[in-house]
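Residues: numbered from 1 along the sequence shown.
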Amino acid sequence: MLQKFRSANDTVWAKILMAVLIFSFVGWGAASWIFGDTATDDSIISIGGDRVRIADFEAEQNRQLAQMERAMRRSIYSDKVVRFYFSQQILSNLASRMLLERRAHDIGLDVSSASVAAMIKNAPEFQSNGFFNADKFDAILSANHLSEAAFVDILRRNMLREMLLTGIAEGLRSPDFVNTILFNTRFENRRIDYAAIRFDDYSAQGRPTEDDLRLIHAQAKRMVPEFRTFAIAKVGAKEMDNPDEFDAAYAKIQKLEDALIGGANLKEAAEIAGAKVTEVAPITIQRKTAAGRDVNMDILTESLTAELFGLDEGSDTAIIELKDGFAIVRVMKVEFARAVPFDDMKKELEEIWVEREKEKQAYVRANALLKELNENPAAGFRAAANKAGVRSFQLNANITRAMTSVFPEEVLNQSFAAKRGTHILIPGRRAFYVSSIRSVAAPKMDAERMAAIRTEADALMSRMIMDDYTNFLARQYPVKTNTRMFNRLFNIND
């Protein structure tokens with residue numbers, strides 16, 4: 001056989017085939033050099049010619065992670081929701097930085113190397129006895145996981161940002177007329193007549209029919225939420241910061257995972273790996289038991305619970321890193337949500353019917369009072385209340401917005417929203433209120449309160465200007481997203 005290959009190697013066809021193969025390999029290797037690597041755009045977002053590439057994102061991510069405590073890093077690694085928002089915040093900051101840099105470039109702003117050097121030398125953090133100390137400078141940068149070049153770049157960007165934003169919102173003052181309006185709105189006084197028509201002042205007449213109860217059941221059908229039972233197989237480690245203990249615990253949890261994949265049940269796999277199994281009582285996705293008690297377990301975070309409620313019965317999570325070891329959680333049992341049958345809810349439905357009847361009567365009485373006030377305004381609130389059969393009322397009550405401990409909050413909110421001379425019906429908690437606005441008076445000037453209003457209004461105006469400027473930059477320099485890389489970064493399926 002080998003002899004036949006050697007003989008065929010000298011033929012013309014063999015030499016042509018070899019040339020084709022050589023060209024193919026060379027072509028594959030040199031394609032990106034000849035034609036440009038246009039098929040591998042690794043940018044996530046771009047603004048004009050500037051791009052945030054995966055490498056830029058990962059560098060910023062690693063820098064921030066290096067400055068975090070281990071517990072925070074662990075939550076980012078183990079919690080998908082936290083990791084998503086962490087990554088989103090990094091990308092948002094990088095985009096904002098690019099927007100500001102593009103604007104600074106367009107209007108000719110720049111920060112010289114001499115300015116950066118002067119700022120570093122004059123920073124008290126880097127000085128000893130009033131002079132710049134290079135060793136102290138290097139030590140602080142090392143403790144913050146920053147190279148000198150990276151620190152200079154951050155400082156230059158911050159100086160550029162300050163140059164650009166200084167004067168846009170700094171030093172703005174809210175006009176006096178705005179401060180006066182805010183002061184009067186917040187601290188004005190009003191006088192009202194109001195009545196409280198409470199549901200419990202009335203009683204239901206008769207008893208509900210079967211049809212009444214079935215109608216309520218159809219409208220207010222109560223659901224038993226989905227309950228799930230979990231089992232947690234945990235391998236402990238006294239000191240996760242100790243590399244030897246970390247590796248030993250991780251090896252055990254891997255052995256547990258391998259046993260589960262091999263078909264062993266959780267108890268058998270735990271015995272093989274030396275893990276401890278804890279069963280969690282059936283809970284809802286809100287982490288509550290059937291009795292309504294909260295289940296407080298560090299491992300059952302909101303995101304992990306949501307993940308567990310998305311798994312099938314008998315499924316396992318991936319390995320979860322904890323502050324004191326590793327764990328795998330299995331969904332042991334699923335009890336799906338279901339409606340409570342009519343017969344089981346009958347007593348509850350009767351109670352609902354009684355409450356609705358009391359509410360209806362209170363509403364009829366409140367409307368009678370409102371109608372009397374509108375049709376006979378000259379008669380006064382007391383006469384209207386007596387005619388409508390309302391006994392609980394207060395005349396000429398002095399109110400401010402802060403009197404929530406004295407008056408129902410809904411009465412205050414609606415009474416300050418209405419115009420003087422109007423009568424309003426206000427739905428409340430187990431009551432209806434009727435309020436009549438008698439007078440509106442501006443508050444007495446208070447220097448301390450006005451100073452607080454000015455400070456608040458100044459900050460509000462600065463935020464409004466900054467928001468408007470940010471929107472201007474976004475319109476001026478549109479941000480383009482590389483959907484493929486963005487979806488890959490945030491684990492979004494196409």
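Not counting sequence neighbours, the partners of Asn158 by the side-chain contact (heavy atoms from CB on, under 4.5 Å) test are Ile154. Partners of Glu335 under the side-chain hydrogen bond (donor to acceptor under 3.5 Å, both in side chains) rule, at least two apart in sequence or in another chain, do not exist in this structure. Qualifying salt bridge (Lys or Arg N to Asp or Glu O under 4.0 Å) partners for Lys234, counting only residues two or more places apart in sequence or in other chains: Asp324. Contacts of Arg198 classified as side-chain hydrogen bond (donor to acceptor under 3.5 Å, both in side chains), with partners at least two apart in sequence or in another chain: Ser392. In terms of the side-chain hydrogen bond (donor to acceptor under 3.5 Å, both in side chains) criterion, Asn396 has no residue partners (sequence neighbours excluded). Taking Glu375 as the reference, Lys371 meet the side-chain contact (heavy atoms from CB on, under 4.5 Å) condition, with sequence neighbours excluded. With sequence neighbours excluded, no residue satisfies salt bridge (Lys or Arg N to Asp or Glu O under 4.0 Å) with Arg161. Partners of Arg430 by side-chain contact (heavy atoms from CB on, under 4.5 Å), not counting sequence neighbours, listed by chain and number: Phe199, Asp200, Glu355, Lys358. Residues passing the side-chain hydrogen bond (donor to acceptor under 3.5 Å, both in side chains) test with Gln219, sequence neighbours excluded: Arg356.
Dense packing is recorded around CD of Gln127, with more than 12 heavy atoms of other residues, nucleotides or ligands lying under 6.0 Å away. No more than 12 heavy atoms of other residues, nucleotides or ligands shown are found within 6.0 angstrom of OH on Tyr363.
When all heavy atoms of Ala418 and Ile424 are compared, the pair lying nearest together is CB-CD1, 4.1 Å. Pairing each heavy atom of Pro443 with each of Asn189, the nearest pair is CA-ND2, 4.0 Å. Nearest approach of Leu322 to Ala327, heavy atoms of both residues: CD1-CB, 3.9 Å. Here the shortest heavy-atom pairing between Val111 and Ser115 reads CG1-CB, 4.2 Å. Between Thr317 and Leu308, the closest heavy-atom pair is CG2-CD2, 3.4 Å. In plain terms, the two heavy atoms of Gly380 and Leu373 that are nearest each other are O-CD2, 4.4 Å.
Aromatic pair Phe407/Tyr433: centroids not less than 6.0 angstrom apart.
Ion pairing between a basic and an acidic side chain is recognised when a charged N comes within 4.0 Å of a carboxylate O; Lys347 and Glu350 show no such pairing. With salt bridges taken as basic N to acidic carboxylate O contacts below 4.0 Å, none links Arg207 and Glu357.
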- Message: One pair to check against side-chain hydrogen bond (donor to acceptor under 3.5 Å, both in side chains): Asp50 and Tyr477. What are the steps and the verdict?
- Response: CA-CA 11 Å; Asp50 298 329; Tyr477 309 104; over 6 Å; no
- Query: Can Ile197 and Tyr202 be said to form a side-chain contact (heavy atoms from CB on, under 4.5 Å), step by step?
  - Reply: CA-CA 9 Å; Ile197 301 94; Tyr202 302 90; 3.5 Å; yes
- Message: Go through it in stages, so that I can follow the logic: the residues are Leu164 and Leu160, the test is side-chain contact (heavy atoms from CB on, under 4.5 Å), and I'd like the CA-CA distance, side-chain angles, deciding distance and then a yes or no.
- Response: CA-CA 6 Å; Leu164 183 64; Leu160 194 63; 5.9 Å; no
- Message: Walk me through whether Val82 and Thr301 qualify under side-chain contact (heavy atoms from CB on, under 4.5 Å).
- Response: CA-CA 11 Å; Val82 175; Thr301 61; over 6 Å; no
- Task: Test side-chain hydrogen bond (donor to acceptor under 3.5 Å, both in side chains) on Asp467 and Thr470 and set out the steps.
- Result: CA-CA 5 Å; Asp467 289 344; Thr470 302; 5.3 Å; no
- Query: Step by step, would you call Asn413 with Glu410 a side-chain contact (heavy atoms from CB on, under 4.5 Å)?
  - Reply: CA-CA 5 Å; Asn413 291 339; Glu410 52 266 44; 5.6 Å; no
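Contact check for Glu279 versus Thr229: side-chain heavy atoms found under the 4.5 Å cut-off. Between Leu165 and Met466, some side-chain heavy-atom pair lies under the 4.5 Å cut-off. In this structure, the side chains of Met461 and Val178 stay at 4.5 Å or more apart for every pair of heavy atoms.
With hydrogens and angles ignored, the 3.5 Å screen pairs no side-chain donor or acceptor of His217 with any backbone N or O of Lys346. Put simply, the side chain of Arg287 gets close to the backbone of Leu300: a donor and an acceptor are under 3.5 Å apart. Of the possible donor and acceptor atoms, none in the side chain of Asp468 sits under 3.5 Å from a partner among the backbone N and O of Met464. Asp193 places no side-chain N or O within 3.5 Å of a backbone atom of Ser436 that could act as its donor or acceptor partner. For the pair Arg401 (side chain) and Thr185 (backbone), a donor-acceptor distance under 3.5 Å is present. A distance-only check finds no donor-acceptor pair linking the side chain of Arg454 to the backbone of Asn179 [under 3.5 Å]. No donor-acceptor distance shorter than 3.5 angstrom exists from the side chain of Asp458 to the backbone of Arg173, with no hydrogens or angles considered.
Among residues at least two apart or in separate chains, salt bridge (Lys or Arg N to Asp or Glu O under 4.0 Å) pairs with a member in residues 380-396 are Glu372-Lys387.
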With a 3.5 Å cut-off and sequence neighbours excluded, list the donor-acceptor pairs that the side chains of residues 54-61 form with protein atoms.
| residue | atom | partner | partner atom | Å |
| --- | --- | --- | --- | --- |
| Asp56 | OD2 | Arg53 | N | 3.0 |
| Glu60 | OE1 | Arg63 | NE | 3.3 |
| Glu60 | OE2 | Arg63 | NH2 | 2.9 |
| Glu60 | OE2 | Gln64 | NE2 | 3.0 |

Show the atom names and distances, to 0.1 Å, of all donor-acceptor pairs under 3.5 Å that link a side chain in residues 86-94 to residues at least two apart or in another chain.
| residue | atom | partner | partner atom | Å |
| --- | --- | --- | --- | --- |
| Ser87 | OG | Arg83 | O | 3.1 |
| Gln89 | NE2 | Asn93 | OD1 | 3.1 |
| Asn93 | ND2 | Gln89 | O | 3.3 |

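Figure legend: Arg449 and Phe183 shown without cation-pi pairing, the cationic atom not lying both under 6.0 angstrom from the six-membered ring centre and within 45 degrees of its axis.
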